[in-house]
Novice: 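I have a structure I would like to understand better, so I am pasting it below and will then ask my questions one at a time.
Naming: A, B, ... by sequence-line order, numbering from 1 per chain.
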Amino acid sequence: MIQYLVLSAVLAVAWSAVNGSFSVVNILFGFALGALTLSLVRPDLNLQGTKVRPLRLLSLIGLFLVELIKSGIRVAKILMRRDLDLKPGMVAYPLADLRDFEITLLANLITLTPGTLSVDVSDDRRLLYVHCVDMPDAQAVIDDIRGGFEKKILETFR
Amino acid sequence: MTAADFLDVAVELTLIVLSLSLVLVSVRIILGPTLPDRIVALDLLVGVAVGFIAAFGIKTAAYQFLDIALALGLVGFLATVAFARFVLSRGRAGDAEITLPDSDEQSNLQGKTP
Amino acid sequence: MSSILAVLTGILLLVGAGFALIGALGVLRFPDVYTRMHAASKAGTLGSGFCLLAVAVNETSFDVTTRALAGVIFFLLTAPVSAHLLARAAVLAGYVPLGTGKNPVLSSVQRKVASPRSAKDSARP
Amino acid sequence: MAASSDSPAVDLAAAMITTPASLQDWLVILPLIVPLTAGAILVMIRHSTHWHRPVAGLALAALFLLDLLLLRRVLTEGPVVMMMGSWLPPFGIAFTADLLGTTLATVSAFVALVATATAPPSINTAERRYGFYPFLMLLMTGVTGAFLTGDLFNLYVWFEVLLISSFGLLVLGSEKSQIDGTVKYGLLNLVATTLFLVATGLLYGALGTLNMADIAIKARAAGPDVPLGALAALFMLAFATKAAAFPVNFWLPASYHTPTATVSALFAGLLTKVGVYALLKTLVLLLGPSSAYLGTLLAFVAGATMLAGALGALASSDFRRMLGWLVVSGIGNMLVGAALVTGGALTGSIFYAVHSMLVMSALYLASGVVEARAATADLRKLGGFYAASPLFSLVVLALLFAVAGLPPFSGFWPKAILVDAAFAAGAPWLGAAVLVSGFLITLAVGRAWLYIFWRGGPEGTPDGTVALAGVRSFESNAQAVALIGPVVVLAVAVAVIGLLPAGLGAIAEGAASGLLDPAGFTARVLGVTP
Amino acid sequence: MPTPISAPGWLLLILAAPFLAALLAPVLQGIAGRVSAFILALVPLASFAALLTLVPEVSAGARMTIGLDWWPAYGVRFSVLVDGLSLTFALLVTGIGTLIVLYSGGYMKGHPQAGRFMGFILAFMGAMLGLVLADDGITLFVMWEATSITSFLLIGFDHARAAARRAALQALVITGAGGLCLLAAVVLIGQATGTRTLSEIVASGETIRGSALYLPIFILVLGAAFTKSAQVPLHVWLPNAMEAPTPVSAFLHSATMVKAGVYLLMRLHPVLGGTPEWTTVLPLFGGATLITGTIMAVRQTDLKLMLAQTTVASLGLLVMLIGVSTEAAIVGAVGYLLAHAFFKGALFMVAGTIDHEAGTRDVTRLGGLRAAMPVTFVSALVAAVSMAGLPPMIGFVAKEALYLGFDESGRTALVVVAVAGNALMFVIGFAVALKPFLGPPVKTPKHAHEGPFELTVGPAVLGVVGLGAALGLGGFQAGLIAPMASAVAGRPIAPELHLIPTYVSMPLILSAVTVALGIVGYLLLSPARAAVAGIQSAIGWGPDRGFDQVVAALVAFAALVTRIVQPGRLELYMTAMVAFIAAALLIPLITLGEMPSWPSGDRPLLKEAAVMLIAVLGLAAVVVARTRLTAIVSLGIQGFAVAVLFVLFGAPDLAFTQFMVETLSVVILALVLTRLNLGERDHRPRWQMALDATVATAAGLGFAALLLKVTQVPFDRTLTDFYDAYARSIAHGRNIVNVIIVDFRGLDTLGEIAVVMVAGLAILALVRIKSRTPILPTPETGKRK
Amino acid sequence: MNTIIFRTISPLLVSLMLLFSVFITLRGHNEPGGGFIGGLIAASAWALYGLSHGVPTVRRALRFHPMEIAGFGLFLAAATGILSLLFARNFMTGLWAFPQILGVEVALSTPMFFDIGVYFVVMGSMASIALSLEEREGGV
Amino acid sequence: MEPWLSGLVGLFFAASLYMMLSKKIIRILLGVAMLGNGVNLLLFTAGRITRDVPPIMPLDAYAPPEGAANALPQALILTAIVISFSFLAFLLVLAFRAFQDLGTDDTDAMRVAEPLADPGPPRGY
Ligand code: NA
Ligand code: NA
């Protein structure tokens, strides 16, 4: 229930943001609408037991932004090469014991940061298959994720 | 060169670069060679178009266009999702001769349509 | 203040355009569909994101700024999903990523194809 | 939501009609509202299929009644106009009931009411659930809107409404032949409506208006630099296709025989006539002088359509397909008015349109009776119906003779007038085409009737014997009434018009003069004369 | 010609009565059985009696009309004209009609559809009565076609037999074609004289003969008359119509319908007759018909067919006489027409009675019936005497009169033809009247009795009338022949006919020759029949077979045309359509001088050019895509380009909608097209690519040119200014496009969402409703290993 | 498309899209948008939901058959037009009211409800199309 | 600008009509989709073109800005887009259904309603 209300509040903020007005009436209306739309999909919202540490969340966002720009530049660099000698490959990243929501977040963050692309999650949720655009070393990729996004996610939501 | 001038030049430059990008992406859609290649390019087309609209909004000071960008951000990916499903259900039908599998092991996958 | 914002706007725009161009070039130049996907999902997001940020910065009216930021978030929410689904579909359909022909990882993903359809994939949860 | 109450003071009267509107004024729009709302309600309650028939029946009855009231008013007062949204003409959409449109709308409603009043037994629950009655309602909405609107773009919209509804009706049942027919029907009609849209958009670009009365005025005042001639040609092609005029009639014989008889009957009664109506309206009323150069071409088209339809009927091996060709042939007669643009020719064409709506619907319904009892429409496999039901057979014969233009049924009056008008207009060959096509149709329908009704049984039945095995009896008396009743009602109408033509004749004449002289129309809509 | 006076109102009742009786007949038959014929016969009998009361006035030269407005604005009245011509015909129709109704009652006794038959007969009678009495041209046409329709039903009455069906259709087609000629003639006469009222037309003097329309009118009238009155080579339907039950033959094919053509010629003779065309064409066709009819009559062994062929011959004789156009010839025609009605009606009924009682009509299988059927025999004999033109019958008077007519005309060829024809009719008349009755009795399929009263009364009465008319010639002449002849001539005629020749005239000599030839012919009948049969089979073709060939050729031609104009291939339909579009755009632009001037003005900015380039690229991508799959994915490019163009030109709503629609289109495409075999390459032959490209390019050029032309016209912003002015101030909206959509032109949107809703419903129906046929395997799974 | 990633994020996106669709619809009178575009976005949301969670889930969430919703939309749109009869005005004449709600002036009008009708029609029809096709194709 | 757009419209029509002349129903439908875009551009151009400024009034104005685009054709096109989209959707599903029931997407092979082997009408009577 709490999660539901929190999400409704998030939607209320989103509503107000797109409306460009954080007046009380508007926020309330947004909240009501958010709650209504959420109620339609509620059985499929899988958020039980999730809690958020706001500061860690900020840190996660910060990491993401830095990674985003860093790897954007990396792709640019690759493209600048004349011969485009790439070594693409796939790794199976062994996931820590993450919940669906966390897996999703991790996978999306991985995808958004250039160089890596989440392809699939194994049925037992133990492996995340990641495609790398230029992967001289698979273990380096795994270590990168483990020490980066996965760690931050665990910190934020546990 | 004032800041406003800089902005004007930047906007024009941005629009030109984005136009060029749109052309390049279109070329990839045409060239393919495989279906997913074209879909990837289409997906990017949406992204570049959003950039274009945003830059155009700055140029004309008409922010009515912004909502289009928002909607595209939210809904545009649906096209790619639908195409992904399409790829999934068709297999490589039509592309099989372009992308022969690397090994015999995968040859049983060829043209496997669910 | 406004001139700083104007300059910032211009820079953000140019960065966005640059990323978009990179994405376009990547899609054009990268060797196979998966590598192109990298260019598209990242550069596309960055390109449009920076342009929207430019709008947010440039505009003094509050509603436009918030809306532009919302737009960035919308993109960040959706782009990885479509990239993931497309990549997965391509792998499952049998498009073999470059240089992974004998890769055991790939075959473990693809093994799903060999299994019966209902187990493999069903829209009915 | 940012709208607010504090608007600057404006002179409302400069933009809007401020006089109150009475229920009488609403008579123009009610025929549109009733089927539209009924259709919406039926979709809302789509699972309660048992409600569909009563609601639809009620709506159709109301529609017919409203059309009659409207017709009475138009007959006494001339064109009746209502501005949508109270905006002044030509800025808002004008609904303009003139004699031509109202008459055709009334007959449409009558045909639809009769064709579907008794439960069409061919419409099963699944087809109801998937929209037979909503499609019907929206079809009537489109037809009524097309006949009553006074705005060119709005006409396009109603064309599309009736087109998509007809698609729905066409695919109900989803037999292979229906799918095939719908592909051809759909694509060719889509091209036609697209042309219509293009022509409308270009006309707007040239004249800056969409109101028909305004167009009539501005087209007559336009300078030589306005390409109205080419636009008229475009309108002609679009509506000739919608009307299934030769040589752009392909879609009709390809599709009309495929759906259930009730649907075919509705189509035959309504669809092509809307095309003819629009052709008359645009080429004669709106673009009059600019389209005059098309007269000779149209005359050739009219003649060729009559003959092609008659030949197609003669060549048909299937009763239903033959009826499709008969519809086509009739279109030729309706085009004579647009070709010759004389009072007589237009009177004949309008009279013919009404006749054709009634008689072709009746014949399709009759073909449904035949199919229901013999499970085929193949002329080789039919036979024995005269021995089985002589009265029904004679009714069908009367209908077929009405199509052929034999007296004393409704078809011969317009033919006589058209022959007269063609000779008078110095186009004797067109009059000859009317007569020759009548002759060919006599031969065609005579043969068909011989096979289906008089012959003792299917091909191969020994001479002199009657084999009734191929003719199943009705499942019940109720089914017999439901199937034959509508045919008889329409046949009575056909006979009554044949015996007492003066009333319809006067209406047709009034409608014709309304087309020829737009002054009354524009005066009523805009308060100006061209 | 005297101006018509008002006729009594009951004439209209007389016209309606047969139709009402026709509706009642089946019911009455069910109730009253055999008696119903007697009751129904009262209708024509009463009419006959009533009409008789008009004879004195009409014979005094009066013409009467009465009518009802039918469609006054179009100048149509349901009106009747009573003069010598129409009254005589009306008396024939009702008089013989009375006998026929009675006869039918006997003939159809016990037939399950007897009531229906009586109905048809009465309806036919009504139509025929209307035909001869009609004063209005349209009324005449209506009644004319009504006789065609009712005779169609009567001839095909025995519908299970193919021969009956064929005969009915043949009659319908041939006489129906004539009817269309009549309609055209009426229309043209109306345009030439300014009236479609017969009494006024007939009084119009030289108007038609002096008109440029004379020749078409003449040809059309002949077309109508010759089909109905069975002139060679359109005569074939008449002998075939003998498929009908005998009362029909007696009524339609002797006394009434076949005379309608003759009636039309007589009616219009005052304004059409006497011209060189008239006096040449009519005798030519009439003579040919006379000779053909008589020879073909010799060929027959079926009593009815023998009579039918002589009917053809008699009609030819009548047309010849009318064609001669002199007073004497007209008197001859009138006299012969009446005589023929009496004797031929009687003989047909006799033939029917023989058939009914003996079970066959084959003259070679009949003989010695005189003892069993004495009344019938006498009636037959009396009629045959009249037919042979022997005294003391009216047939003799008529033949003398017509020989006088031919003789006076000074056209020897006509005289020879007439004599030959009459001699053969002499032969046939006696063959019909004598052969079945004389000689030793022959075993017939049924044991022959004298027929019942209903069957015998008709021939007897007609015999008496034929005799009485001759004996009381003075009154008959004054009452009927003179007024009728006057009406035909268009001026008063006082014929002087005599039963007993006052001196040895040319006609008498011709009669003697005729009788002599006739006796020889009668004796030589059997060998002559064999000879004609031999010749006929040697020729092997006749107009009757020709009819079938014409119908077959028409159907084949129709099938050929239909195959060409409706080939069943969408691709061809589309190609034609696009070609027409190109023509509709380009031809007017070029011929009407509506081409745009060479464009000038601003050039696109770089970004606009880039977007337009993308659009073009997108179009090209779709067009050149080798597989459908590639084309589908490429489709998005031009859609997005259009959306961006909308952005560039100030249309955010459009761009928005376009983007959303493109996205959803992709979703639907991807969902829909999964199963289709899209990977296959598309092959169009080179020539077809070239053709398609040509028509498509032409159409594209046309659209571009017309659009450019339109944009070069100064733009009228009235509407836009109005919307700009009031969108916010009255309609409270800042987005003018949206205000137009929901307010100014909200009705468009209402229709538009109706389209959306119906599309949803229709698609649901398409997806959900199962076809009764199984779903086919996809080509992919079918083809791949 | 039964992947954890997709299934997890899809309900959130659906809510967001629905919310956004309402926003776009309501502001249409003054800014780009309106019932049609809003309806398309909402339909996209349902289509997305169907892709991730299967059509039965969507049907449950919608409660009514989408076509019934579309029918309601058309009815609503027509009804706003008929309302003018009560005020003795011509068909579809715009009627406006500006009540105060919590001290804020809110514009209520027949054109707005008309646009909402458009929204429902488009959402219902398009969702019906997408769902019926997804259903037909079976899950992939 | 109008001449250029007229040319583009011409290209749209030519390309889409060319597609519609194909035998393959899918290509025809792609032509239909492009035709819709061509028509919309045509309507847009016929209503005359202005750059940049949408027909939307600023918050404080009761008239659109100077040089705003003509709103009416936009409204008409909006209606037309919606309608043509509805028809396209219907035709797409129809094509799908035709393929299922008739086993082909080649219109030349769709000969159920008008069979190739039509024996013609009966002879005789
Ligand atoms: Na995307
Ligand atoms: Na489109």
Novice: Side chain, backbone, both or neither: which part of E/Q566 has a heavy atom under 4.5 Å from chain G?
Specialist: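 Interface part for E/Q566: both.
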Novice: Could you give the distance from CG (E/L570) to CD1 (G/I25), rounded to the nearest 0.5 Å?
Specialist: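 It comes to 7.5 Å.
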Novice: Measuring from G/L76:CG to E/D748:CG, what's the distance to the nearest 0.5 Å?
Specialist: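 That separation rounds to 7.0 Å.
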Novice: Between G/V9 and chain E, with a heavy-atom cut-off of 4.5 Å, which part of the residue counts as in contact: side chain, backbone, both or neither?
Specialist: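 Contact with chain E involves the side chain of G/V9 alone.
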Novice: Which atoms of E/A693 come close to chain G, meaning under 4.5 Å heavy atom to heavy atom: side chain ones, backbone ones, both, or neither?
Specialist: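 Contact with chain G is through both the backbone and side chain of E/A693.
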Novice: Check whether G/S22 gets within reach of chain E through its side chain, its backbone, both or neither, counting any heavy atom under 4.5 Å.
Specialist: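 The answer is both parts of G/S22.
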Novice: Measuring heavy-atom distances to chain G, does E/V642 have an atom under 4.5 Å in its side chain, in its backbone, in both, or in neither?
Specialist: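 Side chain only.
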Novice: Of all heavy-atom pairs between E/T711 and G/A46, which one has the smallest distance, and what is that distance?
Specialist: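 That closest heavy-atom pairing would be CG2-CA, 4.4 Å.
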Novice: Is it the backbone or the side chain of E/V713 that comes under 4.5 Å from a heavy atom of chain G, or both, or neither?
Specialist: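 Both backbone and side chain.
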Novice: So do the side chains of G/F85 and E/M660 get within less than 4.5 Å of each other, counting heavy atoms only?
Specialist: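 Not touching, per the 4.5 Å side-chain cut-off.
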Novice: Just so I know, are the side chains of E/Y723 and G/L72 near enough to count as touching, which here means a heavy-atom distance under 4.5 Å?
Specialist: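 Yes, close enough: below the 4.5 Å cut-off.
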Novice: Under a 4.5 Å cut-off applied to non-hydrogen side-chain atoms, are G/F12 and E/L619 in contact?
Specialist: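 Yes, side chains in contact.
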Novice: Could you tell me which non-hydrogen atom of E/A704 sits nearest to which non-hydrogen atom of G/G10, and how far apart they are?
Specialist: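 Looking at all heavy atoms of both residues, the closest pair is CB-CA, 3.8 Å.
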Novice: Examine whether an atom of G/A61 lies under 4.5 Å from a heavy atom of chain E, and if so say whether it belongs to the side chain, the backbone or both; otherwise answer neither.
Specialist: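 The backbone, not the side chain.
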Novice: Heavy-atom distances under 4.5 Å only: say whether G/P115 touches chain E with side chain, backbone, both or neither.
Specialist: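 Neither; nothing under 4.5 Å.
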Novice: Do the side chain of E/R165 and the main chain of G/G124 share a donor and acceptor less than 3.5 angstrom apart?
Specialist: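 No: the side chain of E/R165 does not pair with the backbone of G/G124.
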Novice: Checking heavy atoms, do the side chain of G/I28, its backbone, both or neither come under 4.5 Å from chain E?
Specialist: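 Side chain only.
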Novice: Does E/D724 form a side chain to side chain donor-acceptor pair (under 3.5 Å) with G/Y62? I'd like the steps, not just the answer.
Specialist: CA-CA 8 Å; E/D724 288 356; G/Y62 282 82; over 6 Å; no
Novice: Could you look at E/V737 and say if it's the side chain, the backbone, both or neither that has a heavy atom under 4.5 Å from chain G?
Specialist: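 Both parts, heavy atoms under 4.5 Å.
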Novice: Tell me, side chain or backbone of G/Y18 under 4.5 Å from chain E's heavy atoms, or both, or neither?
Specialist: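 Looking at G/Y18, backbone and side chain both touch chain E.
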Novice: Looking just at side-chain N and O atoms, do E/T720 and G/N70 make a donor-acceptor pair shorter than 3.5 Å?
Specialist: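 The criterion, which ignores hydrogens and geometry beyond distance, is satisfied for G/N70 and E/T720.
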Novice: Enter the distance from G/I56:CD1 to E/R734:CZ here, rounded to the nearest 0.5 Å.
Specialist: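 The CZ atom of E/R734 is 8.0 Å from CD1 of G/I56, to the nearest 0.5 Å.
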Novice: In terms of heavy-atom proximity below 4.5 Å to chain E, should G/P55 be classed as side chain, backbone, both, or neither?
Specialist: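 The answer is both parts of G/P55.
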Novice: Quick test of your reading of the model: are G/R51 and E/E608 salt-bridged, counting only N-O distances below 4.0 Å?
Specialist: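 Salt bridge flag = yes for E/E608 with G/R51.
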Novice: For the residue pair G/P54 and E/P652, what are the closest heavy atoms and their distance?
Specialist: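 In this case the closest contact between G/P54 and E/P652 is CB-CD, 3.3 Å.
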Novice: Does some side-chain heavy atom of G/R111 sit less than 4.5 Å from a side-chain heavy atom of E/R569?
Specialist: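 Counting from C-beta outward, E/R569 and G/R111 do come under 4.5 Å.
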Novice: Quick check: does any side chain N or O of G/R97 sit under 3.5 Å from a backbone N or O of E/L766, one acting as donor and the other as acceptor?
Specialist: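 Side chain of G/R97 to backbone of E/L766: a pair is present.
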Novice: In terms of ring plane angle, is the pair E/F703 and G/F13 parallel, tilted or perpendicular, where the classes change at 30° and 60°?
Specialist: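 Answer is parallel, since the angle falls under 30°.
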Novice: When you look at E/D548 and G/Y125, which way does the side-chain contact (heavy atoms from CB on, under 4.5 Å) test go after all the steps?
Specialist: CA-CA 10 Å; E/D548 281 345; G/Y125 295 92; 2.6 Å; yes
Novice: Would you compute the distance between atom CD of E/Q638 and atom CG of G/L41 and round it to the nearest 0.5 angstrom?
Specialist: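 One finds 9.5 Å between CD of E/Q638 and CG of G/L41.
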Novice: Taking atom CD of G/E2 and atom CZ of E/F715, what is their separation to the nearest 0.5 Å?
Specialist: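 It is 10.5 Å, given to the nearest 0.5 Å.
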Novice: Using heavy-atom distances under 4.5 Å, tell me whether G/L78 contacts chain E through its side chain, its backbone, both, or neither.
Specialist: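 Looking at G/L78, backbone and side chain both touch chain E.
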Novice: On a heavy-atom basis, which atom in G/P3 and which in E/L708 lie closest, and how many Å separate them?
Specialist: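 Smallest interatomic distance, heavy atoms only, reads CA-CD1, 3.6 Å.
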Novice: Taking all heavy atoms of G/A89 and all of E/I668, pick out the closest pair and write down the distance.
Specialist: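 In this case the closest contact between G/A89 and E/I668 is CB-CD1, 4.0 Å.
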Novice: Tell me, for E/A651 versus chain G, whether the close heavy atoms (under 4.5 Å) come from the side chain, the backbone, both or neither.
Specialist: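 The answer is both parts of E/A651.
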Novice: Are any of the side-chain heavy atoms of G/L8 and E/L645 separated by less than 4.5 Å?
Specialist: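 Yes. Closest side-chain heavy atoms under 4.5 Å.
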Novice: Which answer fits E/L719, side chain, backbone, both or neither, if we ask what part of it has an atom under 4.5 Å from a heavy atom of chain G?
Specialist: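 Side chain only.
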Novice: Please assess E/N735 against G/M57 for the test side-chain contact (heavy atoms from CB on, under 4.5 Å), listing each intermediate value before the final yes or no.
Specialist: CA-CA 6 Å; E/N735 181 356; G/M57 300 175 201; over 6 Å; no
Novice: Between E/R563 and G/D118, does at least one N-O distance fall below 4.0 Å, as a salt bridge requires?
Specialist: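 Here E/R563 does not pair with G/D118 in a salt bridge, since their nearest N and O are not under 4.0 Å apart.
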Novice: Would you say G/N37 and E/Q658 make side-chain contact, with heavy atoms under 4.5 Å?
Specialist: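 Side-chain contact under 4.5 Å: yes.
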Novice: Rounded to the nearest 0.5 Å, how far apart are CG of G/L92 and OG of E/S665?
Specialist: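 Between G/L92 CG and E/S665 OG, I get 7.5 Å after rounding to 0.5 Å.
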Novice: Start with the C-alpha gap between E/L673 and G/I26, add the side-chain angles, then the distance that decides, and say whether side-chain contact (heavy atoms from CB on, under 4.5 Å) holds.
Specialist: CA-CA 9 Å; E/L673 301 177; G/I26 296 307; 3.5 Å; yes
Novice: Where on E/M689 is there a heavy atom nearer than 4.5 Å to chain G: the side chain, the backbone, both, or neither?
Specialist: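 For E/M689, the contact with chain G is made by backbone and side chain together.
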Novice: Hey, are the side chains of G/L17 and E/V695 touching, using non-hydrogen atoms and a 4.5 Å cut-off?
Specialist: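 Counting from C-beta outward, G/L17 and E/V695 never come under 4.5 Å.
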Novice: Taking only residues two or more places apart in sequence or in another chain, which ones pass salt bridge (Lys or Arg N to Asp or Glu O under 4.0 Å) with G/R123?
Specialist: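 For G/R123 there are no salt bridge (Lys or Arg N to Asp or Glu O under 4.0 Å) partners, ignoring immediate neighbours.
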Novice: Checking E/V710 against chain G: side chain, backbone, both or neither under 4.5 Å from a heavy atom?
Specialist: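 Both backbone and side chain.
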Novice: Against chain G, label E/P567 side chain, backbone, both or neither, depending on which of its atoms sit under 4.5 Å from a heavy atom there.
Specialist: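 Just the backbone, heavy atoms under 4.5 Å.
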Novice: Which atoms of E/N738 come close to chain G, meaning under 4.5 Å heavy atom to heavy atom: side chain ones, backbone ones, both, or neither?
Specialist: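 Looking at E/N738, nothing touches chain G.
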Novice: Kindly indicate whether the side chain of G/N40, heavy atoms from C-beta on, has any atom under 4.5 Å from the side chain of E/F646.
Specialist: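 A side-chain contact exists here, since the closest heavy-atom pair is under 4.5 Å.
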Novice: Please look at E/I736 and chain G and tell me whether the side chain, the backbone, both or neither of the residue comes under 4.5 angstrom of a heavy atom of that chain.
Specialist: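 The answer is both parts of E/I736.
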Novice: Report which part of E/Y573 has an atom under 4.5 Å of a heavy atom belonging to chain G: side chain, backbone, both, or neither.
Specialist: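 It is the side chain, since no backbone atom gets that close.
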Novice: Could you look at G/L29 and say if it's the side chain, the backbone, both or neither that has a heavy atom under 4.5 Å from chain E?
Specialist: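 Neither part.
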Novice: Is it the backbone or the side chain of E/L654 that comes under 4.5 Å from a heavy atom of chain G, or both, or neither?
Specialist: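 Looking at E/L654, backbone and side chain both touch chain G.
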